[in-house]
Amino acid sequence: MSHFFKTRVTSPCLTGETKEPSPCLMSHGGDKRTVPVSYIKKWSKSEAEGDRGTGYLSRVTGGRGTCQLEAREPSPCYFLGVMMLELGGKKITFTNLGKKLWPGENISKYDLIKYYLRVSPYMLPHLRERFLVLQRFPEGILEKGFFQKNCPPGAPRWLRTVPFRHRGGKVIRYLVAAGPETLAWAGNQAALEIHAWLSGINFLDKPDHAVFDLDPPEGVPFSRVCEVALALKGLLEKKGLRCFVKTSGARGLQVYLPLLPIYDYSTVRKFVQRCFEEINGQMPAITTLERKVSGRGDKIYLDYLQNAQGKTIVALYSPRPLPGAPVSAPLEWEELHFAALDPSSFHIGSIPARLLEKGDLFAAVLSDKQAVIL
DNA sequence: AGTAATG
DNA sequence: CATTACTAGTAGGTG
DNA sequence: CACCTA
């Protein structure tokens, strides 16, 4: 029953600079923008759905800045049962591809997997060598989901996991992203949201970026959140530091300060706290450091406590299990000056084109690691 | 979604 | 065999 | 300590 067909396809490229077909994973030094897809695969329907025919093809095409995984037969893959792919030599079985995970938007699991594959060249560099936490919604966003830290039993053996003993003594086998196949598998697991640690596996107690989490209550205009983020940028610039901003995927913003992995979490946390105290001093009417929800009023909560080991932040380019399938999207600082900027305009359907246009606006987060003068 | 436990 | 349970728990601030 | 939040 399990037939894996292997076919050579030119390596597609999301940025336009096409390279030689590379069957390998992007982790191998070469062009990080090359999607390691060399596959045409066949899928077959599950028996339970009756004999509606088999042999529909999925196809990956590339070149000229596109990467498409497309279905040959009735366009949205409503009834498709099972599909087998081989990605970078790793075999994955996809199930229930037609299941609507965002029913209101008619977004299926197939669409989610396609999204993960398309953004993988941009998303993976930010996830690689990092512990991941999945938030899964096998029945879609209208039903209850659950977190998953431990790599689940039955997961393919090629998934990379690293055990970590938390202070309470509990050991978690964290999933670590390796290549696009990791994301494709997560997609099939209905992982609608992916979180990542702030420190990489080589320096688990030394975060390589600080996170300034701006968390507005419902009803605060997004432009006000932008205003606070811009003030924070000004403050950090005054210290000679360069920082980057992304949407949370919901209503908030998260400012990343890339760091050399030389400070422990408490040092970073205190630094973020001090910056936030200064911001709060500048704009006390619209921001708060109050931890208790009931004491925040309509103010934007400045959360520095996410800078701690074992805490996670929604990953760059991760979708959110919210109506509209929004995505945590990086922004250009100039965009924050537009009153009409709407974070819900960044979603699964719009991000791939934006990546083609803008590239990875967070690329410098990976390279511009800074030292903080304390 | 997939496995394990329970009835 | 059918159904149900399970899947995160920690970190750190506050009172 | 228990409790709250993310």
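Basis for what follows: all heavy atoms, side chains included, without hydrogens, waters or symmetry-related copies. The shown structure was predicted, so the numbers you read here are calculated from the model rather than taken from an experiment. So you know, we letter chains A, B, ... as the sequences are listed, proteins then strands, and number each from 1.
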Undergrad: Roughly how far, to the nearest 0.5 Å, is CZ of A/R251 from CZ of A/F222?
TA: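 Taking CZ in A/F222 and CZ in A/R251, the distance rounds to 11.5 Å.
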Undergrad: Check whether any side-chain nitrogen or oxygen of A/N188 sits under 4.0 Å from OP1 or OP2 of B/dG2, and answer yes or no.
TA: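 So the side chain of A/N188 is within the cut-off, an N or O lying under 4.0 Å from OP1 or OP2 of B/dG2.
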Undergrad: Any ion pair linking A/E335 and A/R354 (charged N to carboxylate O, less than 4.0 Å)?
TA: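 Salt bridge between A/R354 and A/E335, a charged N being under 4.0 Å from a carboxylate O: yes.
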Undergrad: State whether A/R173 places a side-chain N or O below 4.0 Å from either non-bridging phosphate oxygen (OP1 or OP2) of C/dT7.
TA: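 For C/dT7, OP1/OP2 do not have a side-chain N/O of A/R173 under 4.0 Å.
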Undergrad: Taking atom P in both C/dA8 and B/dA4, what distance in whole Å separates the two?
TA: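 Between the two P atoms, the distance is 14 Å.
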Undergrad: May I ask you to say what A/V133 touches in the nucleic acid, namely base, sugar-phosphate or nothing, with a heavy-atom cut-off under 4.0 Å?
TA: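 Contact class for A/V133: none.
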Undergrad: Nearest to the side chain of A/H166, which nucleotide is it out of C/dA11, C/dA8, B/dG2?
TA: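 Closest of the options to the side chain of A/H166: C/dA11.
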Undergrad: Roughly how many Å apart are B/dG2 and C/dG9, using the C1' atom of each and rounding to a whole number?
TA: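 Each nucleotide's C1' atom is 22 Å from the other's.
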Undergrad: Find the distance A/L134:CG to C/dG9:C1' and express it as a whole number of Å.
TA: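 The distance from CG of A/L134 to C1' of C/dG9 comes to 16 Å, rounded to the nearest Å.
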Undergrad: Would one find a side-chain N or O of A/N150 under 4.0 angstrom from OP1 or OP2 of C/dA8?
TA: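 A/N150 to C/dA8 OP1/OP2: side-chain N or O found under 4.0 Å.
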Undergrad: Parallel, tilted or perpendicular: which describes the rings of A/Y174 and A/F131, with under 30° parallel and over 60° perpendicular?
TA: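 Rings of A/Y174 and A/F131: parallel, under 30°.
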Undergrad: Roughly how many Å is it from CZ in A/F131 to P in C/dA8, rounded to a whole number?
TA: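 In whole Å, C/dA8 P and A/F131 CZ are 15 Å from each other.
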Undergrad: Classify the nucleic acid contact of A/Y304 as base, sugar-phosphate or nothing, counting any heavy atom under 4.0 Å across all strands shown.
TA: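 Result for A/Y304 = sugar-phosphate.
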Undergrad: For A/G310 and A/L289, find the nucleotide of DNA chain C closest to each by heavy atoms; which residue's nucleotide sits nearer the 5' end?
TA: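 Going by which nucleotide is closer to the 5' end, it is A/G310.
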Undergrad: One pair to check against side-chain hydrogen bond (donor to acceptor under 3.5 Å, both in side chains): A/Q306 and A/K311. What are the steps and the verdict?
TA: CA-CA 6 Å; A/Q306 288 308 310; A/K311 305 243 182 190; 5.4 Å; no
Undergrad: Using a 4.0 Å heavy-atom cut-off across all strands, classify A/K144 as base, sugar-phosphate, or nothing.
TA: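 Answer is nothing: A/K144 stays at 4.0 Å or more from every strand.
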Undergrad: Round to the nearest Å and state the distance from A/F137 atom CZ to C/dT7 atom C1'.
TA: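 It is 13 Å, rounded to the nearest whole Å.
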